[in-house]
Amino acid sequence: MTIILFAASAKDWKKYGEVLKKTLDTSDLDYELTTDINNIDAEYIVYAPSCGLTDFSRFKSLKAVLSLWAGIENITGNQTIKVPLCRMVDIGLTQGMVEWVTGHVLRHHLDLDGYLKMQDGLWQSQKYPPLASDRNVTILGLGALGLACANTLTNLNFKVHGWSRAKKNNLKNIDTYFGTKGLSEALSYAEILVLLLPLTDETANIINSSTLKTIPPGSVIINPGRGHLIDDSALLESIETGQIHHATLDVFREEPLPKTHPYWNNPKVTVTPHIASVTRADTSCKVITENIIRGEAGQSFLYQVDRVKGY
Ligand code: NDP
C-alpha cells in the first residue's frame, strides 16, 4: 500500500482531492490517500507550503515531494527535504499562461489602451499598428512556460528573442541568448519584455536600474514570473522618465499588493492579482499520478528540481 499525503490547504483539497482520487484509481497503484500531516508513514507528499508543513525529517519512508505549484522558491531551500523534489509542469497551467501572455502582448502591440481612451468623437486614423513581424518580443526564461509562450508568439509572426541559463539549439524562429553575457543582447531587442524566470539567487532583481537602461526606450514589461525579479523603485523611476512606457504586473514582492503601493495609482502600471495562470486539477493530477507510478517503478521522476540551481 503506497501512502500518499496531500499536504496543502483545505481549499486545495476541495479542488484537487476528488480528482486526484479518480486519477489514481485509473492506475494500478494500491494506495492510501490522506490529508493527515501527522501520518509519518507517507511515501509521497503532494505539497503546497500553505499547509504549514515545513519539517519533512519525520517522514522516514518518504520517496518524493511533489509540488502542486510551478514556482518552488519557497521549497527549494528546505534542508529537511532529502528526497527528490518535483515542480509542477501541467499542460492546463501552461495553456493558461500562453493565453494570458499573448493577450497582454497583443494589447500593447495593438495599443488597445490608446483606442479605448479615444472614444471622444474624433476620427484619428493617422496611425496604424505595425505588424507582429515588425515587433520584437523578448522572453526571459525559456522553460515550460516561457517556451510555450515563445512558440505561440512566433506563430503569430512576432520576432521573438529568448534568454535562458543554458544554451538552446534549434528552437525554430526564436533568436536565443544565454548566460550573463547574453542578457544585455536579449534585452536590447525588448520592445515588449516578458519575464518567465523562476526566483533564485541569480534572478532576484534581474530587472534593475542598470538592466532597465539596456531596454529600448518606450518599451513594455509584462511580469507573470515573480515579483522579486524586479527592483520596484527602479521600475517606477524608469516609468517616470518614459524609459518604460507601461508595466503589466501579475506578481509582487508582497501579495496581496498593499493598498498603499504606488503601483496601484500609476496609470502606466496594470496590476493583476497573481491570476496569470494556475494549476488545473484534471491535468495536474495526471502528472502527480504519473510521477508516483514512476517512483514505484524505480524510474526517474518528471520535472525534478535541481536544488543547486534552485529550480
Ligand atoms: P522552468 O523551470 O521550466 O523554466 C525556467 C527558465 O528560466 C529556464 O529556461 C531556465 O533556463 C531559465 N533560467 C533560470 N535561471 C536562469 C538564470 N540564472 N539565467 C538565465 N535563465 C535562467 O519554469 P516554468 O517555465 O515552469 O515557470 C517559470 C516561472 O513562472 C515559475 O518559476 C513561477 O515563478 C512563474 N509562474 C507564475 C504563475 C502565475 O500565475 N503568475 C503560474 C506559474 C508559474 P534553462 O532552460 O537554461 O534551465
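In this text, all values refer to a predicted model and were calculated from it rather than measured experimentally. Whatever order the structure lists them in is the order used to number ligands and atoms, beginning at 1.
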As an exercise, identify every atom of ligand 1 less than 4.0 angstrom from a heavy atom of [X].
| X | result |
| --- | --- |
| Lys168 | 45 (P), 46 (O), 47 (O) |
| Gly141 | 6 (C), 7 (O), 9 (O) |
| Arg87 | 1 (P), 2 (O), 3 (O), 23 (O), 24 (P), 26 (O) |
| Leu196 | 28 (C), 30 (O) |
| Pro224 | 35 (C), 36 (N), 37 (C), 38 (C), 39 (C), 41 (N) |
| Val251 | 41 (N) |
| Ala70 | 43 (C), 44 (C) |
| Arg226 | 33 (C), 34 (O), 35 (C), 36 (N), 37 (C) |

(request) Kindly determine whether Glu290 and Arg294 satisfy salt bridge (charged side-chain N to carboxylate O under 4.0 Å, His left out), including the steps that lead there. (result) CA-CA 6 Å; Glu290 168 71 15; Arg294 293 172 80 98; 3.4 Å; yes
(message) Could you check whether any heavy atom of Lys167 sits closer than 4.0 Å to an atom of ligand 1, since that is the contact criterion I want to use?
(response)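 Per 4.0 Å heavy-atom rule, Lys167 does not contact ligand 1.
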(message) Taking only non-hydrogen atoms of Met97, do any sit less than 4.0 angstrom from ligand 1?
(response) yes
Distance to 0.1 Å, residue and atom name: give those for the protein heavy atom nearest to [atom].
| atom | result |
| --- | --- |
| atom 7 (O) of ligand 1 | Pro198 CD, 3.3 Å |
| atom 13 (N) of ligand 1 | Leu197 CD2, 3.6 Å |
| atom 15 (N) of ligand 1 | Tyr311 CE2, 3.6 Å |
| atom 47 (O) of ligand 1 | Ala166 N, 2.6 Å |
| atom 18 (N) of ligand 1 | Glu202 OE1, 3.0 Å |
| atom 31 (C) of ligand 1 | Gly71 CA, 4.1 Å |
| atom 40 (O) of ligand 1 | Ser277 O, 2.9 Å |

Under 4.0 Å from ligand 1, counting heavy atoms only, is it the side chain of [X], its backbone, both or neither?
| X | result |
| --- | --- |
| Thr200 | neither |
| Thr203 | side chain |
| Asp250 | side chain |
| Arg165 | both |

What I want to find out is whether [X] reaches [Y] closely enough, with some N-O distance under 4.0 Å, to be called a salt bridge.
| X | Y | answer |
| --- | --- | --- |
| Arg165 | Glu202 | yes |
| Asp113 | Arg107 | yes |
| Lys268 | Glu240 | no |

(request) Would you check if there is a donor-acceptor pair between the side chains of Thr2 and Glu296 at a distance under 3.5 Å? (result) yes
(message) Distance alone, cut at 3.5 Å: any donor-acceptor contact between the side chains of Asp90 and Thr279?
(response)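 No donor-acceptor contact under 3.5 Å links the two side chains.
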Report yes if the distance between the aromatic ring centroids of [X] and [Y] is under 6.0 Å, otherwise no.
| X | Y | answer |
| --- | --- | --- |
| Phe158 | His109 | yes |
| Phe56 | Tyr47 | yes |
| Phe6 | Trp13 | yes |

(request) Would you indicate whether Asp25, at its atom CG, is surrounded by more than 12 heavy atoms from other residues, nucleotides or ligands within a distance under 6.0 Å? (result) yes
Any nitrogen or oxygen of [X], main chain or side chain, under 3.5 Å from a nitrogen or oxygen of ligand 1?
| X | answer |
| --- | --- |
| Glu73 | no |
| Gly225 | yes |
| Leu142 | yes |
| Ala144 | yes |
| Gly143 | yes |

(request) Look at the rings of His108 and His246 and say which category their plane angle falls in: under 30° parallel, 30 to 60° tilted, over 60° perpendicular. (result)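 His108 vs His246 ring planes: tilted.
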(request) Just go through Val101, Leu147, Leu145 and tell me whose heavy atom is the nearest to atom 44 (C) of ligand 1. (result)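 The option holding the nearest heavy atom is Leu145.
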